[in-house]
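Data first, discussion second: the structure below is written as structure tokens.
Hydrogens, waters and symmetry mates are skipped; everything else that's a heavy atom, side chains included, is used. In the text below, chain A, chain B and the rest are named by the order of the sequence lines, each starting its count at 1. Treat the numbers as computed from the prediction; the structure is a model and nothing was measured.
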Amino acid sequence: MKEFKRYTVTTALPYANGPVHIGHLAGVYVPADIYVRYLRLRHKDVIFIGGSDEHGVPITLKARNEGVTPQQVVDRYHNIIKESFKKFGISYDIYSRTSSQIHHETAAEFFKTLYDKGEFVEKISKQYFDEAESQFLADRYIIGTCPKCEYEAAYGDQCENCGSSLSPEELINPRSVISGNKPILKETKHWYLPLDKYENWLKQWILEEHKEWKPNVYGQCKSWLDAGLFPRAVTRDLDWGVKVPLHEAENKVLYVWFDAPIGYISATKELRPDWEKYWKDAETKLVHFIGKDNIVFHCIIFPSMLKQEGSYILPENVPANEFLNLEGDKISTSRNWAVWLHEYLEDFPNKQDVLRYVLCANAPETKDSDFTWKDFQARNNNELVAILGNFINRALVLTHKYYDGKIPVPSEITDKEKEIREEILKIKSDLEKNIENYKFREALKDFMQISRIGNKYLADTEPWKLIKTDSERVKTIMYYSLQLCAISVVLGEIFLPFSMEKLRNMLNMEKTDWEDVLKFDLLKPEHKINQAELLFEIIDDAKIEEQLNKLAKTKEMNESSAKTVSPQKEEITYDDFVKQDIRVATILEAEKVPKADKLVKLLVDTGIDKRTIVSGIAEYYKPEEIIGKQVCVLVNLAPRKLRGIESAGMILMATDKDGSLKFVSPENLTANGSVIS
RNA sequence: GGCGAGGUAGCUCAGCUGGUUAGAGCGCAUGAUUCAUAAUCAUGAGGUCGGCGGUUCAAGCCCGCCUCUCGCUACCA
């Protein structure tokens with residue numbers, strides 16, 4: 001493996017429109033923190049970079065809804081996030097933010113460099129524009145009726161009722177969120193990063209030179225590269241963000257995906273005057289810790305920006321994790337289905353390490369994993385308390401009992417002690433290998449193995465019996481047990497910094513070097529240790545029940561709010577209504593449209609004629625089961641081609657609250673062509 | 001429909017370029033033990049490695065088809 005002179009470690013910038021939850025921690029911040037603490041202990045030159053991502057449309061919308069400025073929104077969440085990271089022991093060298101002056105300068109400069117090099121492609125397109133407010137409308141600033149489920153308040157990019165993703169032009173009856181007016185389409189100019197031009201070197205760099213990346217990361221990149229890349233707009237018509245540094249681009253800002261990763265660079269600038277060596281020296285190892293939703297940005301888009309800028313290095317690895325579920329369901333900010341870090345810190349004071357432990361032990365390294373409070377309790381009680389805490393306590397209690405808290409002078413060692421030394425040697429090297437390969441779950445197991453060895457050692461040698469017959473031997477046993485405690489402090493502090501600090505104080509131990517653990521003399525004979533305290537305490541059922549109840553309440557609330565029916569549409573006249581020609585028809589033939597998940601091609605007898613209609617019902621009806629069924633058809637709808645098939649009309653469907661579709665049929669057999677009015 | 005990742009003991013997961021009786025932790029059962037927060041230690045039960053077919057002397061690992069989960073993507077009048 002290549003040796004690097006220094007490391008730049010970044011963590012995905014949390015979006016400052018909400019606090020941080022356990023999913024973020026397990027996937028990104030806990031593993032990154034372990035990695036960095038490890039590097040520091042080994043005296044590597046490393047900087048650990050984080051910060052809040054504070055631009056983008058959702059923040060401006062939130063601000064609007066709350067009647068405050070975007071800056072006030074991001075100030076609030078930035079502070080919450082920063083504070084909870086700090087309390088949780090995420091050991092950033094700097095936790096910055098993208099609304100800072102230095103970031104605006106850095107990002108604008110970065111854009112300007114690419115612009116001057118002629119990297120961007122300019123394009124003029126038509127966007128919705130609010131004339132009354134004289135501003136362009138981002139997708140999220142347009143609401144209208146969802147073309148799929150007819151929900152009245154769907155956003156321009158997504159319908160929150162049926163979950164389908166949309167583009168603004170699809171909305172029926174679009175309205176501006178700001179003024180309520182109907183927007184017009186107006187031309188606007190934007191700059192695009194031509195990712196398609198970089199395909200060749202990206203393929204070479206990732207697919208050939210980084211086969212060691214995690215399978216999920218590598219596979220995701222391959223998927224994108226094989227599908228072909230497209231130019232991507234780097235600017236937007238918006239007033240919240242980094243101003244585009246061009247005269248002809250007033251009222252435009254950098255698209256948030258473009259400015260956010262540059263935040264890593266600006267934070268480094270803010271941290272150190274010699275920031276450039278962390279970003280521009282080939283002997284620096286750049287590592288991005290992210291979640292799987294960010295793979296394409298950090299593996300393809302940001303590297304493209306860095307490479308085309310010309311002076312930057314590219315990431316050496318991007319260890320992206322999968323997602324953490326909560327009690328079997330996807331974590332969701334909008335449905336409040338989450339364990340929020342700031343709430344955990346209040347509900348479980350001084351138990352940062354318990355959560356760090358559980359999230360690391362169960363981290364979604366290779367696939368989505370599930371956090372349950374029962375597992376949280378079990379890992380605390382059966383592993384932290386029973387294995388680790390118990391071993392430490394046994395060793396310390398016996399030392400106080402037999403030697404008044406002084407480390408005994410060991411006598412001769414036996415094969416048993418030699419064995420232990422060898423085991424520790426192996427544990428240490430395994431642990432190192434695992435950390436360096438981003439296998440934090442395994443590394444944590446390696447660490448726990450130390451206490452397991454200790455517990456077994458005590459059970460095998462039974463010093464509480466030997467003390468009566470062979471007190472010299474007991475000195476060796478206790479000496480070795482205490483060394484195991486000290487070794488735990490050194491190797492364990494990367495995972496459990498708070499508890500290991502506490503243990504260090506109990507052992508009255510100096511800061512020691514990672515490499516010294518193998519000497520088995522971190523605690524010298526005659527050294528006096530302090531009073532023993534419990535490192536971890538048992539978490540009882542009541543405490544777990546509390547959390548489960550909290551979640552049950554959330555679930556209840558979500559269910560009751562899901563029952564809302566979309567409001568009545570605006571009034572129309574009878575004339576409006578009779579324009580629609582709806583007839584009873586019978587399905588004669590039905591077959592699935594190939595290469596489409598949802599489409600069924602139907603031949604229906606409308607009484608007027610027999611015609612082909614394509615309908616998106618394949619998820620709810622099997623073609624063979626609906627032949628002969630009578631349905632309602634809007635027959636005078638303009639024909640349209642779907643997947644190459646001309647569809648003449650529309651089958652009327654009822655959309656249930658879960659989004660499923662059902663036919664609307666006459667109660668009894670009715671003549672085809674009967675008018676519905 | 002296309003692409004990617006995953007489907008290994010009750011649970012959470014390891015299994016390197018295919019090679020003897022498939023591993024770990026938790027849970028469970030039995031025994032030992034009391035220094036320790038009813039904690040510890042030992043032993044054991046438990047798997048047709050998602051399904052079917054193929055390549056091979058030999059497949060959890062390679063190939064084909066199917067199926068389920070997650071993600072991206074196309075389609076949705």
Side-chain angles (χ1 to χ4, degrees), chain A residues 146-150 162 164-166 170 172 214-227 292-293 295-296 320 322-323 325 330 361-370 372 374-375 378-379 381-402 434 439 441-442 444-445 448-449 451-452 454-467 474 477-478 481 532-539 592-600 613-619 634 637-640 642-645 647-653 661:
Chain A
C146 173
K148 290 155 201 183
C149 70
E150 306 201 340
C162 65
S164 46
S165 53
L166 306 169
E170 291 180 278
I172 301 160
K214 290 174 60 170
N216 57 335
V217 176
Y218 186 91
Q220 187 69 225
C221 291
K222 188 170 184 321
S223 179
W224 277 81
L225 290 170
D226 287 349
K292 67 172 163 185
D293 53 330
I295 289 174
V296 63
E322 301 285 301
F323 283 156
N325 292 323
K330 233 170 272 189
N362 192 26
E365 283 179 4
T366 53
K367 57 183 164 195
D368 290 356
S369 64
D370 194 22
T372 65
K374 208 170 150 276
D375 178 66
R379 286 194 187 272
N381 294 355
N382 304 334
E383 297 176 32
L384 287 177
V385 174
I387 308 287
L388 174 58
N390 187 223
F391 167 64
I392 303 290
N393 193 236
R394 296 170 84 183
L396 298 198
V397 165
L398 288 174
T399 302
H400 280 291
K401 204 170 198 169
Y402 299 155
N434 282 325
K439 293 184 174 177
R441 231 171 15 196
E442 276 303 307
L444 184 63
K445 275 191 186 176
M448 288 302 284
Q449 195 58 28
S451 307
R452 291 181 196 279
N455 277 320
K456 182 167 165 49
Y457 182 48
L458 289 178
D460 288 351
T461 55
E462 300 184 303
W464 49 92
K465 281 187 184 166
L466 267 185
I467 192 74
V474 172
I477 295 168
M478 291 319 301
S481 299
E533 283 171 66
L534 296 178
L535 277 184
F536 303 99
E537 55 189 23
I538 288 175
I539 294 175
K592 258 204 90 192
V593 175
K595 296 182 182 178
D597 270 358
K598 300 181 183 173
L599 300 183
V600 177
I613 295 179
V614 177
S615 186
I617 57 173
E619 284 175 294
L634 178 60
L637 183 67
R640 179 175 160 166
L642 289 171
R643 278 265 147 188
I645 304 163
S647 175
M650 175 172 160
I651 312 281
L652 266 48
M653 306 297 297
L661 301 175

* Structure fact -> A/Lys330 atom NZ is separated from B/U69 atom P, nearest whole Å, by 12 Å

* Please work out if A/Lys374 contacts a base, only the sugar-phosphate, or nothing of the nucleic acid, heavy-atom cut-off 4.0 Å. => nothing

* To do: Look at all strands and tell whether A/Lys367 reaches a base, only sugar-phosphate, or nothing, counting heavy atoms closer than 4.0 Å.
  => sugar-phosphate

* Given B/C26, B/U12, B/G4, the nucleotide with the shortest approach to the side chain of A/Arg379 -> B/U12

* To do: Would you mind reading off the distance between A/Asn216 atom CG and B/C72 atom C1', rounded to a whole angstrom?
  => 13 Å

* So, are A/Glu322 and A/Lys292 salt-bridged, with charged N and O less than 4.0 Å apart? -> yes

* Does A/Thr366 have a side-chain nitrogen or oxygen under 4.0 Å from the phosphate oxygens OP1 or OP2 of B/U12? -> no

* Assign a letter to each nucleotide of nucleotides 31-40 of chain B from its 5' end: B, base within under 4.0 Å of a protein heavy atom; S, sugar-phosphate only; -, no contact. => ---SBBB-SS

* More than 12 non-hydrogen atoms from neighbouring residues, nucleotides or ligands closer than 6.0 Å to CD on A/Glu537, yes or no? -> no

* **Selection from B/C75, B/C70, B/C26 that lies nearest to any side-chain heavy atom of A/Asp597** => B/C75

* Convert the base pairs of RNA chain B into dot-bracket notation, remembering that pairs crossing earlier ones are written with [ ] and that bases paired across to another strand are shown as |; include only Watson-Crick or G-U pairs under 3.5 Å. => (((((((..((((.....[...)))).(((((.......))))).....(((((..]....))))))))))))....

* Can a side chain N or O of A/Lys598 be found less than 4.0 Å away from OP1 or OP2 on B/G1? -> no

* Asked: What nucleic acid atoms does A/Ile295 come within less than 4.0 Å of, heavy atoms only: base, sugar-phosphate, or nothing?
  -> nothing

* To do: Using a heavy-atom cut-off of under 4.0 Å over every strand shown, decide if A/Val593 touches base, sugar-phosphate, or nothing.
  => nothing

* To do: Using the P atoms only, state how far B/G23 lies from B/G31, rounded to an integer number of Å.
  => 27 Å

* Asked: Do any side-chain nitrogens or oxygens of A/Lys439 fall under 4.0 Å of OP1 or OP2 in B/G15?
  -> yes

* Check the surroundings of atom NZ in A/Lys374: do more than 12 heavy atoms from other residues, nucleotides or ligands lie under 6.0 Å from it? => no

* In whole angstroms, how far is the P atom of B/U12 from the CG atom of A/Asp368? -> 13 Å

* Asked: Could A/Glu442 and A/Lys439 be called an ion pair, given the rule that one side-chain N must be under 4.0 Å from one carboxylate O?
  -> no

